[in-house]
Amino acid sequence: MLNPLLYYIKNKGKGLLLLFAIVVCVLGVVFVSTIILSISDTCKPLMVYPYENFTAVRLLNDDKPDAESELSEKAALSDCIPMKVSVFDFKLITVSSSSMIMNFEDKTDIGVIMDKCAVQLTEGVLPEKGKNEIIVHENILKNKKLKLGDELNSYKITGAFSGKPVFGLGYMDSTAAEEEFKQPRTYIVFADNDVRSRLKELSADDWKVYTIDDANQDLDNSFSDLNLILAISIIMLTISISIAIAALVFSQYASRYDEFAILNTIGYKKKSIIALIIKEILIISIVGWAIGYGLALLGIWLVYINVYRNTGQTMNIFNIVALKYSFVPLICSVLFTLIPTTRKICKTDLISIIERRN
Amino acid sequence: MELTAEEIVLKYKDGRNDLTILNELNVTFKPGAVNVLIGPSGSGKSSLLYLLSGLRKATSGVIKFNDILISDTTGTEKIRYENFGFIFQHSFLIPYLNVTENICMARKDMDLKSKAEELLKKLKIQDLAKKKIYQLSGGEKQRVAIARALVKEPSVIFADEPTASLDKENAKNVFNILRKNSKDKIVIIATHDTSLINENDHVFVIDDGKIMEQNPDNDTKEPLQSRKKRKK
């Protein structure tokens, strides 16, 4: 019966002020949380996605002549590809992570590795066997501001590829490769779940087995503190702003008691007046949330195309966690405004307002 | 159509003591003429008005409107919404709505726009239809409040000191408007300004918790309870 849009349509200034506060709160929460969560988004292709396709196995004990036979008990040797790993840093907005270059012996076909890792050459050529040549993910080129022909970790970049995992792969100089792979210490094993479980049975004293689960665990451990700080910061920020919004709303409604009193007097039930207040607050909060979220997505998209994309970093513009965080200011502002406002009106004898003014 | 109050008692707690405002009051109001409640300050004129309209609950007694019990304030909003109009000393107009929108707030389940325009013409304030409330004078605001009370064609109009903040000219106008509407409606006005009363009005004097109808021929007072007993 009573129109919940009427008050804020007729009092645009008050409505806009309230809307502005909610929009800023939601925008801030979504923007900051997406930027922070993008660190993890960027680290996943570096630290986790390579291990979706293979398991890394490293011999810890140099003095183990039967290493290969022990490995062959767990996985077919044809699936165990010796490699040499080197790392390099990958710069993010606020921190640095690292990525790896995997170098193989000449008998390994890089094309097969690429197929198994689901990556595709997009630029340049494959590295030549017997030479210190590599291909890298195109994001590495952007991040390190390199181009084909430049060097990374002393390896010449001959091509770039696209795909989920971000790393480099290639060959080594023949002499160095001969020395390195005389007694291989590190392998990548293209294994299914069964083989992965068997590999985990290798003695931990002699072998380090690194699977996708280990990679996910390491990523979670790296970010658990940051995620906790993010969650606490969002809650504290939201509560502070919601209290300010609640005070603003409370004072706006306090100035409308004459209106509520006359409505009750001429026959509108108190319940419908309270329902009106609830609808007004819900509508403006939801509209504020929608505008704030939309603006945040726009801002995030602008940051992505102007900064992240050019530096090979990853960002989920539409981040589910950030979306969930966006509901915190919405819920807080609704609760912090509704509870005191409706409580006050429930306790107020509206007719006494008429009596007092008369 | 009638509005009756039977054996109405109204008491308040004043510290430890009970203060009796209305004491076994009996009265019946009918359309045909304006019913004016007069009495000294604190005599209970406004209190009686609030009881009759269902805004307040009596300590004991029965109030009926056309045999509908309204002395229990629970659930009287519907009766007030459909049947009663209110005018107070303060106009209580909603500041962010214009004149027409304020009038139409009387009943949101009906389209009252054309009736509102009609009333504004009758009240000679049709030029104010789109004006905001802060742009109106005191007299104009009161006329808008009257329009809001009349627009839903109520059966009863309650007016509590409707002219207290108006000048003489505007006060007379308000009384005349209410008189015009009293032919087919019950109009009850509580006021302390006896200069506005004329010989056609039904005057009720409230004093010492009791109500007495003032004889229209002269200024003698006749208690309503004793007149009922005489008729029997």
Side-chain angles (χ1 to χ4, degrees), chain A residues 1-19 248-281 283-284 341 345-358, chain B residues 12 45-47 49-51 53-57 70 73-98 101-110 132-133 145 148-152 154 156-162 164-165 190-192:
Chain A
M1 264 207 307
L2 292 162
N3 186 348
L5 299 173
L6 192 59
Y7 178 71
Y8 286 114
I9 290 172
K10 294 284 183 181
N11 293 280
K12 287 188 181 68
K14 290 181 182 174
L16 284 171
L17 184 62
L18 195 55
L19 209 59
L248 180 64
V249 167
F250 195 77
S251 72
Q252 283 185 0
Y253 281 95
S255 67
R256 292 175 68 187
Y257 270 76
D258 278 3
E259 175 192 342
F260 301 144
I262 195 64
L263 288 176
N264 188 226
T265 302
I266 64 177
Y268 290 89
K269 290 185 182 179
K270 209 175 191 184
K271 272 186 205 172
S272 51
I273 296 169
I274 292 169
L276 172 72
I277 293 169
I278 291 170
K279 283 178 203 168
E280 284 178 356
I281 290 172
I283 288 172
I284 201 142
T341 307
I345 198 160
C346 284
K347 287 166 93 173
T348 301
D349 176 8
L350 293 173
I351 305 302
S352 65
I353 296 170
I354 306 285
E355 285 173 328
R356 274 201 303 273
R357 295 289 293 274
N358 250 41
Chain B
Y12 290 120
K45 308 185 290 297
S46 297
S47 298
L49 213 66
Y50 283 76
L51 294 179
S53 58
L55 292 173
R56 284 289 181 228
K57 190 180 167 185
I70 57 169
T73 53
T74 312
T76 57
E77 286 97 344
K78 192 168 186 286
I79 298 165
R80 296 204 301 269
Y81 190 68
E82 291 172 356
N83 299 287
F84 295 171
F86 292 87
I87 307 159
F88 298 102
Q89 176 181 342
H90 185 265
S91 58
F92 288 105
L93 298 174
I94 299 170
Y96 59 87
L97 301 178
N98 66 28
E101 287 164 344
N102 260 285
I103 295 168
C104 294
M105 283 301 279
R107 279 192 74 156
K108 291 305 282 178
D109 57 338
M110 289 165 70
K132 287 282 158 88
I133 303 310
R148 183 182 59 195
L150 295 174
V151 73
K152 61 184 178 185
V156 187
I157 298 171
F158 297 95
D160 185 14
E161 304 283 2
S165 52
T191 182
H192 63 272

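In what follows, chains carry the letters A, B, and so on, assigned in the order in which the sequence lines appear, proteins first and then strands, with residues in each chain numbered from 1.
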Asks: Quick one: which of A:Ile354, A:Leu6, A:Asp258 has the most heavy-atom pairs under 4.5 Å with chain B, could you say?
Replies: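 Result: the option with the highest number of such pairs is A:Ile354.
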Asks: Could you tell me whether the side chain of B:Tyr96 reaches within less than 4.5 Å of the side chain of A:Glu259, counting heavy atoms only?
Replies: yes
Asks: With a 4.5 angstrom heavy-atom cut-off, which part of B:Tyr50 approaches chain A: side chain, backbone, both or neither?
Replies: side chain
Asks: So for atom NZ, which belongs to A:Lys269, do other residues, nucleotides or ligands contribute more than 12 heavy atoms lying within a distance under 6.0 Å?
Replies: no
Asks: Is there a side-chain contact between A:Tyr268 and B:Lys108 in this structure, where contact means two heavy atoms from C-beta onward sitting under 4.5 Å apart?
Replies: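 SC-SC contact between A:Tyr268 and B:Lys108 confirmed.
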Asks: Hey, mind stepping through B:Phe88 and A:Arg357 against side-chain contact (heavy atoms from CB on, under 4.5 Å) and telling me if it holds?
Replies: CA-CA 9 Å; B:Phe88 298 102; A:Arg357 295 289 293 274; over 6 Å; no
Asks: A side-chain contact here means heavy atoms from C-beta on lying under 4.5 Å apart; do B:Met105 and A:Ile262 qualify?
Replies: no
Asks: What's the spacing between A:Ile266 CD1 and B:Glu77 CD if we round to 0.5 Å?
Replies: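 Answer rounded to 0.5 Å: 12.0 Å.
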Asks: Can you tell which part of A:Ser255 gets under 4.5 Å to a heavy atom of chain B, answering side chain, backbone, both or neither?
Replies: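 Answer is neither: A:Ser255 stays 4.5 Å or more from chain B.
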Asks: Answer with side chain, backbone, both or neither: which region of B:Phe86 has an atom nearer than 4.5 Å to a non-hydrogen atom of chain A?
Replies: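 Contact with chain A is through the side chain of B:Phe86 alone.
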Asks: Select one option (side chain, backbone, both, neither) describing which atoms of B:Arg107 are under 4.5 Å from chain A's heavy atoms.
Replies: backbone
Asks: Find the distance between CD1 (B:Ile94) and OH (A:Tyr7) and round it off to the nearest 0.5 Å.
Replies: 11.5 Å
Asks: Give, as side chain, backbone, both or neither, the part of A:Asn11 having an atom under 4.5 angstrom from any heavy atom of chain B.
Replies: side chain
Asks: Of A:Ile351, A:Leu350, A:Asn264, which is the lone residue that meets side-chain contact (heavy atoms from CB on, under 4.5 Å) with B:Leu55?
Replies: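 So, applying the side-chain contact (heavy atoms from CB on, under 4.5 Å) to B:Leu55 and each of A:Ile351, A:Leu350, A:Asn264, only A:Ile351 qualifies.
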Asks: So A:Asp349 and B:Arg56, salt bridge (Lys or Arg N to Asp or Glu O under 4.0 Å) or not? Walk me through it.
Replies: CA-CA 11 Å; A:Asp349 176 8; B:Arg56 284 289 181 228; 2.7 Å; yes
Asks: Taking B:Glu101 first and then A:Lys10, would you say they form a salt bridge - that is, a charged N and a carboxylate O separated by under 4.0 Å?
Replies: yes
